[in-house]
Every structure is written in structure tokens, then in C-alpha cells.
Amino acid sequence: VMNPIPADSSKKTIVILGSGWASTSFLKSIDTELYNVVVVSPRNYFLFTPLLPSTTVGTIDHRSLVEPIRFITRHKPNEVKVYEAECTEIDSDKKIITIVDNSEVKGDRATSTIPYDYLVVGVGAQSQTFGIKGVEEYGCFLKEVWDAQKIRTKLMDCIETAAFPGQAPEEIERLLHMVVVGGGPTGIEYAAELHDFLAEDLSAWYPELVGKIKITLIEAMPNVLPAFSKQLIDYTESTFKEQHISLHTKTMVKEVKEKEIIVQGPSGEKEAMPYGLLVWATGNTTRPLIRNLMAQHPETQNIRRGLAVDDWLRMAGANDIYALGDATATKYAPTAQVAAQQGKYLARVFAQLHATEQYENELENAATAEEKAKKARKLQKAQDIKPFHYSHQGSLCYIGSDKAIADVPFGPGNVAAGGVATYAFWRSAYISNLFSARNRWLVITDWTKKTFWGRDISRE
Ligand code: FAD
Ligand code: NAD
């Protein structure tokens, strides 16, 4: 049987779980001259999530936002093994993981195990439903490429079905009612993209339906975007009003049925709301793999939000497991910005761990007192690993009609800006953060195509 890890037995092996923001940032920076590296992820690509809402209406093609992991590993000086598989179990005592090929095509073997010296857990989180009945079955999440594809298909299906001859008026009204649950940045950006699509494209192609398409956003708290400054929240809410997006705050969804949701508003009364498309964006919850790992360490792992780690990203209660990004419970928000900085940081930690080992050996073998002192100094420096420090670059959110909002730290304070100029900033910030020159080219091409020909309305 082929060895699942790279062949160099003189080096320790790092197994990385996931190919999202955290793991990919780590992978880019880790030195494969120092370690054997194995990547395990059920998707063989990285996804640039900040522009994912744009793909739900075809402003950007989803292929423009992904980068195959092998495009990244091929630039590494030494071989990196990449397995498209899901890690289903972590045995932290034996230091072995179990992986399963959960894709549609399977060979004779769909399960395997991989030993590790160090495990880097960057499996992210999954969409939160709060166990509300019907969400999984009838709602659409917005987290992965396939979620965005599903939304796009369902949206066009609702519109074409509404245009079917003889459809009853109330059925047309239901089919054209697009409901978004969750007023965090995901829900807001999705509603904004949907608005633009209606205003800029659908009104031209379905003139008979214009005015009948309605967008509703439901938020449990008194206002949307709790993480943004008050003035930007107000600006977003007033922009949504201008865009005829109806905002229901202090409203909770109690149940989701096939064609209607049951909501409870501020008055406490329950009401049925018919819908055609339901997009569910109420944040994150822990993945089963992480919950199982936490259950193996009940004394140290008791934060439900995710894996507890220390300031060096070491999992509490386990040896040689590091965790980062949305899979962890830290003082930071679950954002790409945090995950990417943690990935880069952790690669530096591993360089220092390697240096520590090296100087320990050299110190042991040093012949003279002078050499010993020199090695001891080097060892001390390598052992001094600084804790993770997050540097916030600011928060951005697209709110529709070519307007964006930005909260950017400036000196000791903060600059809050909203409008069309901020949108130009939003665009340039995202373009410069895109993964590769190839992705930048593709996204700019998509934006240009949209400017000339509008969005594609074909159902996929
Ligand atoms: P992810 O990026 O989710 O990656 C997790 C990886 O683990 C994936 O590759 C997944 O396939 C893999 N995986 C899952 N299960 C397993 C398993 N069992 N075994 C192995 N691998 C597994 N943040 C910002 O800072 N700015 C933004 O503008 C922004 N916009 C966003 C827009 C949307 C629509 C969404 C959904 C999120 C946005 N975020 C943004 C948040 C950001 O995407 C997340 O915080 C970030 O993706 C977290 O990175 P991660 O690596 O921890 O997880
Ligand atoms: P979130 O947790 O930020 O927001 C979820 C919202 O849903 C909250 O406002 C919450 O009050 C509301 N909610 C919860 N339960 C509800 C219910 N039953 N009914 C109605 N409303 C309910 O989630 P998100 O928007 O998916 O964002 C997840 C993370 O990704 C955050 O850290 C966010 O900052 C980040 N993100 C950032 C951007 C950006 O910077 N532009 C875009 C998307 C996501």
C-alpha cells in the first residue's frame, strides 16, 4: 500500500485539515523543507468567501473565486500530499486520523487512516439552524459554492414558475417572495445582490413580473449588522428602505414549511409568511468532527462555540494539535481576516519549533564552551514563541445599488464610511486580497462582462 505521507522519514509530519482561509494561509507559508505536509479536505480547492454572495445572481462566476489546492502545493519545494476526503475521526492519543472519501465517485477503498506528528485543524464551522424545524429541508445556506449554485437555480426556477401561464395571483406573489433570515453581513450582502439583480436585469427580462418581486429580511435582534458602527447600521437600514427591501427586526423564525415560514414578531404574535426562496444566514455552529474531539477532552473543552485553544493556537488538553479559524472559540470574530492571520502566524510557530529542535541537538553536540554558549543563545531565541496577535484591517460590507459600508481602524479610533466611493474601495480591497493573479483577472473580467451584457439569467 502506498505511504499516505511524503517519504522523508527524517522529518516530522504535519497533517492539515481543511482548505479554507485558515488552512490555505498556513499551507502557503509552511516550509516543506522542514516538515512533511499532508492536506486533507473534502473539497480540493480554496474558496474566496467574501465574494460568494455575488455568485448567487451571476455578478461573478463561482469558478472565478476558487483556486485548486494543487495550484498552491506545486509551488512548494517538496512534495505535499493532497487528499480529497473528509476527516471523520481524530484519535489524539494514538495521533492518527481517519479519512473518508465522501464524494460521489468511490473506488474500492473509501476509508483510510493517516498518522501525524502535528495536526492542524482548520475545518471551519457549519451553518447554524438552532434546530428550527424545516430549515435543513427547505432553506438554502450560503457558505459553499454548491449553496450559491442552489440559490441561483432556485431563484430562477421561482421566477420562471411564476411566469407559467395561468398561475394564480397569490401563488405568483408567494413564488416571488424572497426571504432572507439573518441580518449579519452574509444576509445583508445576499439581499443586496438580489436587489441589484432585480433592479438591473430581471426588470428588463420579465417586465410582467416587475413590482411583484419582493425581498424580505428577517432579523431577531433590534437592528442588523451588530458588529458595525451605529451610523453605518442606520445607513444600511435606510438604503434597504430605498431599495424596497422590507426589514423585519425583532422577529424570529419559529418553523419552516415547504411554502411558508412561521414567524414571531415584536408583538409576540405568530404569523405565516408564504415564500418562494428562503436563504438562511444566521451564523455558525460547530462541526460534528469538532464536537466529537471536544467530547474526548471534557475537562478542558467546554466552550460550545468551538475548540478552546491558547494564545499559541494549541488545543487545550491535547498534545500536538493546533487549531485555527472558525473551528475555534476565541475572543475574535469568525472571519477570514482572523483565519488568514492565524494561518500565517502558525507557520512561523512551526519554523520556530523546528529551530528549537535543531539547536537542542546542536547544543548537545557542541564541542567547546564558546560554541555551547552560542547555541544556547540561539535556542533561547527559538524557544521564545510570541503569542498570536491579531491586527484588524477593518470591516466591509456591500449593501446594494453600488454602495458599501466600511469601518476601518484609524489611529486610536475608527473611520466609518458608506456610499458609492466606499464601494470603489470595497472592490479594490477585494481585488487586491484575491488569491492569485488568475483569480483577479477572472473577477475583473466578470465585472466587465456584467457591465456590458448584464447578468446571465439561464437556470443552471
Ligand atoms: P473555511 O474557510 O470554512 O474552511 C473550512 C475548510 O475545511 C473547507 O475547505 C472545508 O471543506 C474543510 N472541511 C470541512 N470539514 C472537514 C473535515 N471533516 N475534514 C477535513 N476538512 C474539512 N470574512 C471576512 O473576514 N470578510 C468577508 O468579507 C467575509 N465574507 C464572507 C461571506 C460569506 C458568504 C461567508 C459564508 C463568510 C464570509 N466571511 C468573511 C467569513 C469567512 O469566510 C470565514 O471566517 C472563513 O472562511 C473561516 O476560515 P476557516 O478556514 O476557518 O473555514
Ligand atoms: P452572523 O452571526 O454575523 O449573523 C447572523 C445574524 O442572524 C445575527 O444578526 C443574528 O441576530 C441573526 N439571527 C440569529 N438567529 C435568528 C433567527 N432565528 N431569526 C432571525 N435572525 C436570527 O452570521 P453571518 O452573517 O453568516 O456571518 C458569519 C461570520 O462571517 C461573521 O463573523 C461575519 O463577520 C463574517 N462575514 C463577514 C462578511 C463581511 O465582512 N463582509 C460577510 C459575510 C460574513
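Only heavy atoms go into these numbers, but all of them, side chains included; no hydrogens, no water, no symmetry mates. Counting convention: from 1, in listed order, for ligands and their atoms alike.
- In this structure, the protein non-hydrogen atom closest to atom 36 (N) of ligand 2 is Pro185 CG, 3.9 Å.
- Ring pair Trp21/Phe48 is tilted by interplanar angle, where 30° to 60° counts as tilted.
- Scanning all protein heavy atoms for the shortest distance to atom 39 (N) of ligand 1 gives Thr49 OG1, 4.0 Å.
- Checking side-chain atoms of Asn292 against main-chain N and O of Leu289 turns up no donor-acceptor pair under 3.5 Å.
- In terms of polar-atom proximity, Val181 is not counted as a contact of ligand 2, lacking any N or O under 3.5 Å from an N or O of the ligand.
- Heavy-atom neighbours of His389 NE2 from other residues, nucleotides or ligands within 6.0 Å: at or below the threshold of 12.
- Of the heavy atoms in Thr282, both backbone and side-chain atoms come closer than 4.0 Å to ligand 2.
- Atoms of ligand 2 found under 4.0 Å from any heavy atom of Ile218 (numbered from 1 in listed order, with element): 20 (C), 21 (N).
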**Item:** Intermediate values then yes/no, side chain to side chain contact (heavy atoms under 4.5 Å, CB included), Phe26 and Ile14
**Value:** CA-CA 11 Å; Phe26 176 77; Ile14 303 176; 4.1 Å; yes

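- Checking Ala22, Pro53, Ala339 against atom 34 (C) of ligand 1, the nearest heavy atom belongs to Pro53.
- Under a 3.5 Å cut-off, the side chain of Asp310 and the backbone N or O of Arg314 do form a donor-acceptor pair.
- Proximity of the aromatic rings of Phe350 and Tyr322 is defined here by a centroid distance below 6.0 angstrom, and this criterion is met.
- Residue, atom and distance of the protein heavy atom nearest to atom 12 (C) of ligand 2 are Glu219 OE1, 3.3 Å.
- Using a 4.0 Å cut-off between heavy atoms, Thr49 makes no contact with ligand 2 at all.
- Counted within 6.0 Å of NZ on Lys106, heavy atoms from surrounding residues, nucleotides or ligands total more than 12; the atom is thus considered enclosed.
- Within ligand 1, counting atoms from 1 as listed, the ones closer than 4.0 Å to a heavy atom of Ser41 are 9 (O), 11 (O), 12 (C), 21 (N).
- One side chain, His177 or Thr216, offers a donor N or O that lies under 3.5 Å from an acceptor on the other.
- Looking at Glu237 and Thr239, their side chains never bring a donor and an acceptor atom within 3.5 Å of each other.
- Among all protein heavy atoms, the one lying closest to atom 16 (C) of ligand 1 is Val123 CG1, 3.7 Å.
- Among protein heavy atoms, the minimum distance from atom 24 (C) of ligand 1 is reached at Ala336 N, 3.4 Å.
- In Tyr398, neither the side chain nor the backbone holds a heavy atom less than 4.0 Å from any atom of ligand 2.
- Of the protein's non-hydrogen atoms, the one nearest atom 20 (C) of ligand 2 is Ala220 N, 3.4 Å.
- Atom NZ of Lys76 sits in a crowded spot, with more than 12 heavy atoms from other residues, nucleotides or ligands closer than 6.0 Å.
- Side chain of Tyr116 to backbone of Val38: no donor-acceptor contact under 3.5 angstrom is found.
- Contact annotation for Tyr430 and ligand 2: only side-chain heavy atoms (C-beta onward) come within less than 4.0 Å of the ligand.
- Contacts with ligand 1 closer than 4.0 Å are made by no heavy atom of Phe141, backbone or side chain.
- Remark: side-chain polar atoms of Arg43 are paired, donor with acceptor, to backbone N or O of Tyr45 under 3.5 angstrom.
- Compare Val135, Leu217, Val253, Thr186 by their heavy atoms: the one nearest to atom 27 (O) of ligand 2 is in Thr186.
- At least one heavy atom of Thr251 sits closer than 4.0 Å to an atom of ligand 2.
- The protein non-hydrogen atom at the shortest distance from atom 36 (C) of ligand 1 is Leu142 O, 3.3 Å.
- Around atom CZ of Arg438, more than 12 heavy atoms belonging to other residues, nucleotides or ligands sit under 6.0 Å away.
- The backbone N or O of Lys344 lies less than 3.5 Å from a partner atom in the side chain of Ser25, making a donor-acceptor pair.
- Across the listed options Pro334, Gly187, Ser395, Ala336, Pro334 owns the non-hydrogen atom lying nearest to atom 29 (C) of ligand 2.
- Within a 6.0 Å radius of CZ in Arg70, no more than 12 heavy atoms belonging to other residues, nucleotides or ligands are found.
- For ligand 2, the atoms sitting less than 4.0 Å from at least one non-hydrogen atom of Gly283 are 2 (O), 5 (C), 23 (O), 26 (O), numbered in the order shown with element in parentheses.
- When Gly18, Ala85, Cys87, Ala281 are ranked by how near their heavy atoms come to atom 18 (N) of ligand 1, first place goes to Cys87.
- Of the heavy atoms in Glu144, none comes closer than 4.0 Å to ligand 1.
- Counting the atoms of ligand 2 from 1 in the order shown, those under 4.0 Å from a heavy atom of Met221 are 11 (O).
- Contact annotation for Leu225 and ligand 2: no heavy atom of the residue comes within less than 4.0 Å of the ligand.
- Ring centroid separation for the pair Phe388 and Tyr332 comes in under the 6.0 Å cut-off.
- Of all the atoms in ligand 2, the ones that sit under 4.0 Å from a non-hydrogen atom of Glu189 are 41 (N), 42 (C).
- Nearest protein neighbour of atom 53 (O) of ligand 1, counting heavy atoms only, is Gly124 CA, 3.3 Å.
- Remark: the backbone N or O of Tyr398 is paired with a side-chain donor or acceptor of Glu189 at under 3.5 angstrom.
- Every N/O-N/O distance between Pro226 and ligand 2 stays at or above 3.5 Å.
- Looking at ligand 1, you'll find an N or O of Asp326 within less than 3.5 Å of one of its N or O atoms.
- On a distance-only criterion, Ile132 and ligand 2 share no N/O pair closer than 3.5 Å.
- Protein heavy atom in closest approach to atom 27 (C) of ligand 1: Pro50 CG, 3.6 Å.
- Taking a 4.0 Å cut-off on heavy atoms, Pro50 fails to register as neighbouring ligand 2.
- Any N or O atom pair closer than 3.5 Å counts here, and Asn284 shares no such pair with ligand 2.
- Inclusion of Thr335 in the set of residues having an N or O under 3.5 Å from an N or O of ligand 2 is not warranted.
- A tilted orientation is assigned to the rings of Tyr390 and His392, their planes being inclined by 30° to 60°.
- Of the heavy atoms in Gln128, none comes closer than 4.0 Å to ligand 2.
- For Gln301 (side chain) and Met315 (main-chain N/O), no donor-acceptor pair under 3.5 Å exists by modelled atom type.
- When hydrogens are left out, the protein atom nearest atom 22 (C) of ligand 1 is Pro42 CD, 3.3 Å; that is the closest non-hydrogen contact.
- Residue-level proximity to ligand 1 for Pro334 is carried by the backbone, the only part with a heavy atom below 4.0 angstrom.
- For the 3.5 Å distance criterion, the side chains of Ser54 and Glu193 qualify, holding a donor opposite an acceptor.
- One option in Val100, Asp147, Thr186, Thr24 has a heavy atom closer to atom 35 (C) of ligand 1 than any other, and that option is Thr186.
- Summary of contacts: the protein heavy atom closest to atom 47 (O) of ligand 1 is Trp21 CD1, 3.2 Å.
- Between His354 and Tyr35, the ring planes lie perpendicular to each other; the angle is over 60°, past the 30° to 60° tilted range.
- Among all protein heavy atoms, the one lying closest to atom 41 (N) of ligand 2 is Leu396 O, 2.6 Å.
- Remark: distances from the non-hydrogen atoms of Tyr430 to ligand 1 include one below 4.0 Å.
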